[in-house]
Amino acid sequence: MPFIQRVKRPVTAKGRRILLKKQPRFVEFPKQTMYVRGKKANALTMDCMKEIYQLKKPGGLLFTKKHDILPFENVGLLENYSQRRGASLFIFASSNKKHPHSLIFGRTHDHQLLDMVELEIEAFKSIKEFKTEHVAVGLKPCILFAGEDFQTSYDHKRIQNLLVDMFQREVVTDIRLQGLEHVIMFTAADDKIFLRNYRVQLKKSGSRIPRVELEEIGPAVDFRIGRKKLATEDLFKSACKQPTSIDPKPKKNIRTDAFGSKLGRVHMTKQDVNSLQTRKMKGLKKSYAERKEQRSKKKSASK
């Protein structure tokens, strides 16, 4: 007799809410990031990873215990953590003789590995070394990319896309100038990526437009690009595919006014106003003289 695998349905309301939260949706919540400590992570890699975690707060999960994982050889455990924690992004800290002081940035799609890049730390300057005022936790940063490699190299373009996924927060349509306080900048040169953080200062300029100054606040990290494991073109295209209901085609001649009323416009051929049938009433009835004049015009036209 063949074995039938039964689907267990949630019994409690809490279980139904958990499954409902895990279901795919058209507009997703901000992506969560896992910060995983490797078996041989040293103090430098852990300090760097923790300060990157501070930039992403509260959208991150920090794992303090050691994990015996080799992501480039077997990523199955990280995919399992991604499914259990509901986090599609991860940063893995490790250090060994061949690849010292490494942070592995990766992301998953449908709980399967999509992209993974190893960045080796060459120089690191902590936030504590910058004697300046820091930005508040949870601010939406302005992410900037500089360097010709981000425009010409295919691998750098994919790394740029991964870093945008890693550091962006909620997608916004409007920006308030006073709310733009944090700038994260990535510069690519000589197969390296330089991470810098700045605080935006708006100062008086004698006009309506303020004078903008940037003050470095840290952390500052110099990365060297190491091993890469990028998705194929078809897999990446399917991961970026969006349903058509997110951005529906606009309907012509239909608009909504300020009060929420739906207004439409109908296009018709040009009409003769004089031949329109109006409501019959005594006030609009023609007099005897007007009818007599109309009959005489018809007789003269027929002759």
Which atom of [X] lies closest to which atom of [Y], heavy atoms considered:
| X | Y | answer |
| --- | --- | --- |
| Pro219 | Asn197 | O-ND2, 2.9 Å |
| Ile143 | Val164 | CD1-O, 4.5 Å |
| Ala231 | Leu235 | CB-CD2, 3.9 Å |
| Leu103 | Cys48 | CD1-SG, 3.7 Å |
| Met46 | Ala93 | SD-CB, 4.3 Å |

Is the count of non-hydrogen atoms from other residues, nucleotides or ligands lying under 6.0 Å from Leu263 atom CG greater than 12?
yes
Taking everything shown except Arg169 itself, do over 12 heavy atoms lie less than 6.0 Å from its CZ?
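Counting neighbours around CZ of Arg169, more than 12 heavy atoms of other residues, nucleotides or ligands fall under 6.0 Å, so yes.
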Measure the [atom1]-[atom2] distance between [X] and [Y] for me, rounded to the nearest 0.5 Å.
| X | Y | atom1 | atom2 | value |
| --- | --- | --- | --- | --- |
| Arg176 | Asp174 | CZ | CG | 12.5 Å |
| Tyr81 | Glu79 | OH | CD | 13.0 Å |
| Asp47 | Ile127 | CG | CD1 | 11.0 Å |
| Lys229 | Met116 | NZ | CE | 5.0 Å |
| Ile91 | Phe105 | CD1 | CZ | 4.0 Å |

Sequence neighbours left out, what pairs pass side chain to side chain donor-acceptor pair (under 3.5 Å) with at least one residue falling in [range]?
| range | result |
| --- | --- |
| residues 200-226 | Glu122-Arg224, Arg196-Asp222, Arg199-Glu215, Gln201-Glu215, Lys203-Glu213, Ser205-Ser207, Arg211-Glu213 |
| residues 124-140 | Glu51-Ser126 |
| residues 145-161 | Arg107-Asn161, Asp115-Arg158, Ser153-His156, Tyr154-Arg158, Tyr154-Glu233 |

Which residues pass the ring-ring contact (aromatic ring centres under 6.0 Å, His included) test with Phe145, sequence neighbours left out?
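ring-ring contact (aromatic ring centres under 6.0 Å, His included) check on Phe145 returns Phe150, Phe186.
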Which residues pass the side chain to side chain contact (heavy atoms under 4.5 Å, CB included) test with Ser88, not counting sequence neighbours?
Lys31, Thr108
Side-chain donor-acceptor contacts of residues 52-72 below 3.5 Å, not counting sequence neighbours, with atom names and distances?
from, atom 1, to, atom 2, distance (Å)
Lys56, NZ, Met166, O, 2.7
His67, ND1, Arg37, O, 3.4
His67, ND1, Lys65, O, 2.8

Take Ile217 and His182 through the side chain to side chain contact (heavy atoms under 4.5 Å, CB included) test and state the conclusion after the steps.
CA-CA 9 Å; Ile217 58 174; His182 186 199; 4.3 Å; yes
Please check: side-chain N/O of Thr45 versus main-chain N/O of Ser94, any donor-acceptor pairing under 3.5 Å?
no
